[in-house]
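Quick notes on the structure that follows.
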Amino acid sequence: MSSRLVGVGVGPGDPELVTVKGVGALRAADVVVVPVMDGGERGRAESTVLHYVPAEKVVRVVFALNERSDRARREAAWDAAGGRVAELLRAHASVAFATIGDPNVYSTFTYLAQTVTALVPGTVVETVPGITAMQDLAARSGAVLTEGTEPLTLVPVTAGAAVLKDALNGPGTVVAYKFGRQAREVAEALRESGRIGDAVWGSALGLPEESIRPAADLDGAPLPYLSTLIAPARREGGRGGKL
């Protein structure tokens with residue numbers, strides 16, 4: 001019988017935002033893998049998982065989560081993590097991997113699954129969707145993500161500020177992820193495009209250190225890496241104007 005690797009989205013940090021299906025998948029798995037950084041500090045995924053499964057069921061696996069400059073180091077970390085999870089799959093019928101947000105949206109799970117299926121042929125890979133940071137920020141701030149025919153553009157600012165500028169000059173709502181280190185460039189792009197007035201920024205959503213502020217209040221100082229920005233679409237014409 002094939003082993004199962006299940007990527008479970010556990011949301012942006014608030015344990016109450018894990019779906020019922022997600023909790024069921026975590027509890028049904030033989031072991032639950034959580035990613036940790038080199039320093040070994042507890043991450044959001046692990047903190048969330050521990051609300052639903054006992055600590056003895058959780059296996060911590062090191063990932064170079066924020067490594068972008070050293071590709072060889074990053075890929076070595078992926079290989080090592082994949083090898084560890086492959087060992088677990090050879091010993092257990094079902095392994096869950098907990099990832100913040102959704103496993104199919106900028107998640108480490110994508111790379112892990114590719115590595116593991118090469119090491120353990122026949123592994124069945126499944127995912128359980130999770131609530132994303134943009135959804136949580138929209139709910140907490142009152143920002144409406146889309147109306148009518150508006151498009152929604154999601155941009156990781158790690159791809160460069162120019163990508164964000166292009167999106168802001170287009171139609172619809174723009175959401176930016178992972179921009180903490182480039183906060184100044186993001187603020188400048190918002191001002192240049194005339195979209196800073198309605199934009200909102202948030203980090204540590206659902207956690208004690210949560211911060212949600214108008215983007216106009218940002219002073220350009222570095223922000224937490226996992227920062228989220230929503231720049232709502234320009235809306236004119238009243239209710240239903242974009243239908």
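- To the nearest 0.5 Å, atoms CD1 (I196) and CG (D217) are separated by 9.0 Å.
- Side-chain contact between L119 and R90: present, with at least one pair of heavy atoms (C-beta onward) separated by less than 4.5 Å.
- Here the closest heavy-atom approach between residue S203 and residue S227 is recorded as CB-OG, 4.1 Å.
- Contact annotation: the side chain of F109 never approaches that of P35 to less than 4.5 Å [non-hydrogen atoms, C-beta and beyond].
- Taken from CG in L218 to CD in E188, the straight-line distance is 12.5 Å, to the nearest 0.5 Å.
- By the criterion of side-chain heavy atoms lying less than 4.5 angstrom apart, applied directly or through intervening Ile, Leu, Val, Met, Phe, Trp or Tyr residues, V23 is grouped together with V6 in one hydrophobic cluster.
- Note that CD of E210 and CG of D136 are 7.5 Å apart. Values are rounded to the nearest 0.5 Å.
- Between V8 and A96, the shortest heavy-atom contact is CG2-CB, 4.2 Å.
- Side-chain N or O atoms of S107 include none that pairs as donor or acceptor with a backbone N or O of N104 at under 3.5 Å.
- Across all non-hydrogen atoms, the minimal contact from A98 to A45 is O-CB, 3.7 Å.
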TODO: Step by step, work out the salt bridge (charged side-chain N to carboxylate O under 4.0 Å, His left out) result for E87 and R84.
DONE: CA-CA 5 Å; E87 291 176 0; R84 178 69 180 108; 3.4 Å; yes

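- At least one donor-acceptor pair under 3.5 Å links the side chain of R195 to the backbone N or O of L168.
- Closest non-hydrogen pair, I131 versus L17, comes out as CD1-O, 3.5 Å.
- A chain of hydrophobic side-chain contacts below 4.5 Å, direct or via other Ile, Leu, Val, Met, Phe, Trp or Tyr residues, connects F63 to V31.
- In E16, the CD atom is not crowded: 12 or fewer heavy atoms of neighbouring residues, nucleotides or ligands sit closer than 6.0 Å.
- You'll find the side chain of E185 stays beyond 4.5 Å of the side chain of K165, heavy atoms only.
- Taking each heavy atom of A221 and A183 in turn, the nearest pair found is O-CB, 3.4 Å.
- Note on V116: it clusters hydrophobically with V61, by side-chain heavy-atom contacts below 4.5 Å among ILVMFWY residues.
- Every residue was checked against the ring-ring contact (aromatic ring centres under 6.0 Å, His included) condition with Y106, not counting sequence neighbours, and none meets it.
- Listed by chain and number, the residues in a side-chain hydrogen bond (donor to acceptor under 3.5 Å, both in side chains) with Q182 amount to none (sequence neighbours excluded).
- Checking side-chain atoms of T127 against main-chain N and O of P103 turns up no donor-acceptor pair under 3.5 Å.
- Linking Ile, Leu, Val, Met, Phe, Trp and Tyr whenever their side-chain heavy atoms come within less than 4.5 Å puts V49 and V128 in one cluster.
- The backbone N or O of P222 sits nowhere less than 3.5 Å from a side-chain atom of R184 that would complete a donor-acceptor pair.
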TODO: Begin with the C-alpha distance, continue with both residues' side-chain angles, and end with the deciding distance and a verdict on side-chain contact (heavy atoms from CB on, under 4.5 Å) for E150 and V144.
DONE: CA-CA 11 Å; E150 294 170 353; V144 177; over 6 Å; no

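- Here the CG atom belonging to L152 is positioned 5.5 Å from the CE atom belonging to M134, to the nearest 0.5 angstrom.
- A 4.5 Å side-chain heavy-atom check between V105 and L154 finds at least one atom pair inside the cut-off.
- Two residues are said to be in side-chain contact when any heavy atoms from C-beta on lie closer than 4.5 Å; L137 and I212 meet this criterion.
- Linking ILVMFWY residues whenever their side-chain heavy atoms come closer than 4.5 Å, directly or via other members, places L164 and L223 in the same cluster.
- In terms of modelled atom types and a separation under 3.5 Å, the side chain of Y52 and the main chain of P15 share a donor-acceptor contact.
- Proximity of a side-chain donor or acceptor of T173 to a complementary backbone N or O of L145 within less than 3.5 Å is detected.
- Panel note: side chain D30, backbone A93; a donor-acceptor pair is recorded below 3.5 Å.
- For D198, there are no salt bridge (charged side-chain N to carboxylate O under 4.0 Å, His left out) partners two or more places apart in sequence or in a different chain.
- Among V58, I100, T99, the one residue that satisfies the side-chain contact (heavy atoms from CB on, under 4.5 Å) test with V34 is V58.
- Under the 4.5 Å side-chain criterion, counting only non-hydrogen atoms from C-beta, L88 is not in contact with F97.
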- [ ] Decide yes or no on side-chain contact (heavy atoms from CB on, under 4.5 Å) for L205 and D14, but give the supporting numbers first.
- [x] CA-CA 7 Å; L205 302 174; D14 184 348; over 6 Å; no

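- Counting heavy atoms from C-beta on, the side chains of V157 and L229 never come closer than 4.5 Å.
- R44 has its side chain within reach of L207: a pair of non-hydrogen atoms, C-beta onward, lies under 4.5 Å apart.
- Contact detail for L26 and V32: the closest heavy-atom pair is O-CG2, 3.5 Å.
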Task: Intermediate values then yes/no, side-chain contact (heavy atoms from CB on, under 4.5 Å), W201 and S211 - done: CA-CA 8 Å; W201 162 82; S211 180; 3.1 Å; yes

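- The closest donor-acceptor contact from the side chain of Y111 to the backbone of G82 lies at 3.5 Å or more, if one exists at all.
- With hydrogens and angles ignored, the 3.5 Å screen pairs a side-chain donor or acceptor of K57 with a backbone N or O of R27.
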TODO: Determine, step by step, whether K178 and Y225 satisfy the side-chain contact (heavy atoms from CB on, under 4.5 Å) criterion, reporting the C-alpha distance in whole Å, the side-chain angles of both residues, the deciding distance to 0.1 Å, and the verdict.
DONE: CA-CA 5 Å; K178 305 178 182 179; Y225 174 72; 3.5 Å; yes

